[in-house]
Amino acid sequence: MANSRVSLLLLTLLALTLSLSASSPSSHNREELETPITRFQQYLRFKTAHPNPNYTAPVSFLTALAKSIGLVTQSIEFTPNKPVLLVTWPGSKPSLPSILFNSHLDSVPAEPTKWLHPPFSAVHTPDGKIFARGAQDDKCIAIQYLEAIRNLKSKNFIPTRTIHISYVPDEEIGGFDGAAKFVNSKEFRHLNVGFALDEGQASVNDEFRVFFADRSPWNLIIRAKGKPGHGSRMYDDGAMENLMKSIEIISRFRESQFDVVKAGKAANSEVISVNPVYLKAGIPSPTGFVMNMQPSEAEAGFDLRLPPTADPDLMKKRIAEEWVPAIRNMTYEIIEKGPLRDHMGRPLMTAVDDSNPWWGVFRQAIAAAGGKLAKPEILLSTTDARFIRQLGIPVFGFSPMTNTPILLHDHNEFLEDTVFLKGIEVYEHIISSLSSFEEVHST
Amino acid sequence: MDYPLLTSFSSTNRSLFLFLFLFVLLNTCLLLPNPGVAVAEDESSAVISRFQQYLQIDTAQPSPRYQEAADFLISQAKSIGLESQIIEFAVGKPLVLLKWAGSDPTLPSILLYSHTDVVPVEQHKWAYPAFSAQLDSHGNIYARGAQDMKCVGMQYLEAVRRLKSSGFQPVRSIYLCFAPDEEINGHDGAEKFADSDIFKTINVGIVLDEGLASPTEKYRAFYAERSPWWLAIKATGSPGHGSRLYDNSAMENLLKSIESVRRFRASQFDLVKSGLKEEGEVISVNMVFLKAGTPSPTGFVMNVQPSEAEAGFDIRVPPTADPEALERRIAEEWAPVSRNMTYEFKSKATVYDKFGRPLITKTNSNPWWVLLEEAVRKANGKLGKPEIFPAATDSRHFRFRGLPAIGFSPMANTPVLLHDHNEFLNKAEYLKGVEIYESIIKAYASYAEHASNEGTKDEL
């Protein structure tokens, strides 16, 4: 393992030197030197950050890569210039529900000045770290899925169930033009998906983390109106006062939820979080704001996250009656960023007990790969998994990254090469186990 | 463009008056011959018409038509027979100074002060065009400046006009000053005027300036005002994903401060609500802006907790408050370093005059105050308790130099509508105010003794 890493490093350095010194033969050389790590680096170098993600180039790259392994590819545009790439490895019993491995193409923006290395350079440091935006979220799994299949194919493994890999756009901005449209398409129905895996999160210890639910994000915008007035006058029911009363009530609720976490009674992801994200009030002036006018309008925005265990109707009632009561001249807007219940009206959770046969298969696959699995969790934030869960399909969130700091959306996002390579091995076990599992049928 | 239209409008108004006048004349001739009533009617309609003409000049900030206002005032001064001059302390910002010479030029003079500019309007929220000076069926005259403070400026002129025509001769000289820019802090108006050589030579003993309307039958008079402190507080903290709960974010730090400010505000407001203190006697704190968030093309990024958050407050400090204690409160409770907060004054007016005394015009042992009270009473008016003006006026520039200044606008039974939509003043109240000023000017101009606290010389 150590030896191979050293030679790998040397090869990478050589490739770099060559590409810097010569022009035409370099590409030829690089092809010869391609490894899972260099393919990961190539994929990381595509600038897929919002607000202007380049989707065309990475889709071509992945298509070529999938074809080189002998897989079937199909690119579908549900929204112009926002392609979904579907890669398929047909199983021997295509009538059985298939297994879907999902990942998203896009990444969040990066502030290059706060990075040690340019965020789209995918620099591989001597200590084995690969720095790039997307290294953890979630370009790692995109390549690992393919590399695992490559290895299984070379071992002549034949899947019983069909394996699909989907690469979707726009996850980081809500997934509405990506996963949401994809899962509701006839193309998706034809896939007959029985079980899916989507992204998870890094684990700071040696246990793999698995997520059985997301929290559902709501954007809450509250607006207050009141009489305008001179800055010197004190009067009741001004817009500012009305807004602040609401903000204070919301802050109290936030504290009560946070206290549950602080007391160790619940994980961060198991409570309702509500965080203020903007405040807007005042009459703009050339130098800032007019300082002697009390404005007639004031508003604030909140990021609200509901775990699947929360009752959305109760939450709406609380917002209407306590947080933003109309009697205080307030209005509000809730923008629900995705579903809260599945098509049967059940909370969007995938069972992690014996009622879900996939759970046992998945757990055994991790064990077979020599990995330990942590207690299943609710994800703090939100992924595309919610759209698949809405159809009643069981989904786990899983990214095989142990002993790795959680750096998604942070500066200097990186993944260690050994962790990346270990992940490929883990997926080999998962894919072979899941695709060979014949007992269950469509849920 | 507006102006000719408005003029034609007011001339239809005038023909309406003429018609009414003829109608009244006809009736009175037929029923009870009393030509005196008709003459009084005619005179008061001329007074109202001149007030309307002044109101119709759009002197709203930020582009006041100062030259038009100055031309109008000079023509008025000429028709009354006052000496006049225009002084420009800043280009395009004329100050009109009128003089009615007194018989004893050694006595300090009386300054009847008013400003010519008005605050802007949101026309769509008005019932009538804000510079039409529309007279409705109740006798209310609607215009921006009807209360703040073109009424006072024209009432001075009308009172002087009547005193002059009655043959009154002042002992002290009377100056009428129409100054620009009060609504935008008065730097190029009252401040420069009070600092000028001209101001020294006119040797002012007492200043009358604007007050406020009174919803009751009692007029209000002001002996001081609150100093504006414009405060911005800012919190910084680590940014984070919108889904994360963590302590010490910029938003949390700012909101804690705002809660603290709000509790202080409530304590001050409670004093006013319980009647223990007048509005002008407490420290008012009102939030004027909030700013936080990462802008996005459609508004704000909704899943990032920002690393900075700001709020702005308009604070008014009465001269009776302890400014050091307030500033300590700001530093320790409203913007504490311990919560990663900073603060900045966008503007901070002093609460002391140039001699280090609180910016207050005495009410007891001040002959000018006593004379005012008596003059109002003589004109059948009632005066309330002396008050602190809740906002800022140009008076502070005169009080700062140790001069007595009294804020007084004779508007009883009138809702307080300065800076508000549909600002108006009733015609009868306006005319009554002219009589009140007649009485005051007469008393002031005839007061021949050297007042103990008049002028800076005596103060020093």
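Bear in mind that the values here come from a model prediction, so they are computed numbers and not experimental data. The sequence lines fix the lettering, A, B, ..., with proteins before strands; numbering per chain opens at 1.
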For chain B, find which of [options] contributes the most heavy-atom pairs closer than 4.5 angstrom.
options                        : answer
A:K337, A:E299, A:K280         : A:K280
A:Q294, A:M234, A:Q257         : A:M234
A:R215, A:K227, A:H409, A:H230 : A:H230

At a 4.5 Å cut-off on heavy atoms, which part of [X] comes close to chain B: side chain, backbone, both, or neither?
X      : result
A:L380 : both
A:D236 : both
A:S273 : both
A:M293 : backbone
A:L220 : backbone
A:N268 : side chain
A:L304 : neither
A:V271 : side chain
A:R233 : both

Among residues 229-240 of chain B, which residues come closer than 4.5 Å to chain A, judged by heavy atom distances?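 Answer by number: B:W230, B:L231.
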Does [Y] offer a backbone N or O that forms a donor-acceptor pair with the side chain of [X] under 3.5 Å?
X      : Y      : answer
B:Q305 : B:R244 : yes
A:T48  : A:D106 : no
A:R209 : A:A202 : yes
B:R226 : B:P390 : yes
B:E225 : B:A392 : no
A:Q201 : A:I406 : no

Between A:D177 and A:K82, is there a side-chain N and carboxylate O pair less than 4.0 Å apart?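 Between A:K82 and A:D177 there is a salt bridge, with a charged N closer than 4.0 Å to a carboxylate O.
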Using a strict 4.0 Å threshold on nitrogen-to-oxygen distance, state whether B:K150 and B:E423 make a salt bridge.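 Salt bridge flag = no for B:E423 with B:K150.
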Which of the residues B:S296, B:A292, B:G293, B:A311 is involved in the greatest number of heavy-atom pairs with chain A at under 4.5 angstrom?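 Heavy-atom pairs under 4.5 Å are most numerous for B:A292.
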Which one wins on heavy-atom pair count under 4.5 Å against chain A: B:R262, B:H421, B:E279, B:K256?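 Counting heavy-atom pairs under 4.5 Å, the top option is B:R262.
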Is [X] close to chain A through its backbone or its side chain, or both, or neither, when contacts mean heavy atoms under 4.5 Å?
X      : value
B:K291 : both
B:L245 : both
B:V119 : neither
B:K273 : side chain
B:Q268 : both
B:D247 : both
B:E259 : both
B:R265 : both

Contact summary for B:Q61 and B:D181, nearest pair of heavy atoms: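 Heavy atoms of B:Q61 and B:D181 come nearest at NE2-OD1, 3.3 Å.
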Restricting to non-hydrogen atoms, name the atom on A:A281 and the atom on A:P295 that form the minimum distance, rounded to 0.1 Å.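 Nearest heavy atoms, A:A281 then A:P295: CB-CG, 4.4 Å.
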Do we see a donor-acceptor contact under 3.5 Å between the side chains of [X] and [Y]?
X      : Y      : answer
A:S246 : A:R328 : yes
A:D137 : A:H104 : yes
A:R305 : A:T382 : yes

Working for salt bridge (Lys or Arg N to Asp or Glu O under 4.0 Å), residues B:E333 and B:R263: CA-CA 11 Å; B:E333 293 173 37; B:R263 273 191 296 274; over 6 Å; no
Kindly assign one of parallel, tilted or perpendicular to the pair B:F300 and A:Y278, based on the angle between their ring planes and the thresholds 30° and 60°.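 Answer is parallel, since the angle falls under 30°.
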Decide yes or no on salt bridge (Lys or Arg N to Asp or Glu O under 4.0 Å) for A:E336 and A:K316, but give the supporting numbers first. CA-CA 11 Å; A:E336 293 179 30; A:K316 282 181 183 164; 2.7 Å; yes
Calculate, to the nearest 0.5 Å, the distance between atoms CD and CD belonging to B:E210 and B:Q147 respectively.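 Result: 11.0 Å between the selected atoms.
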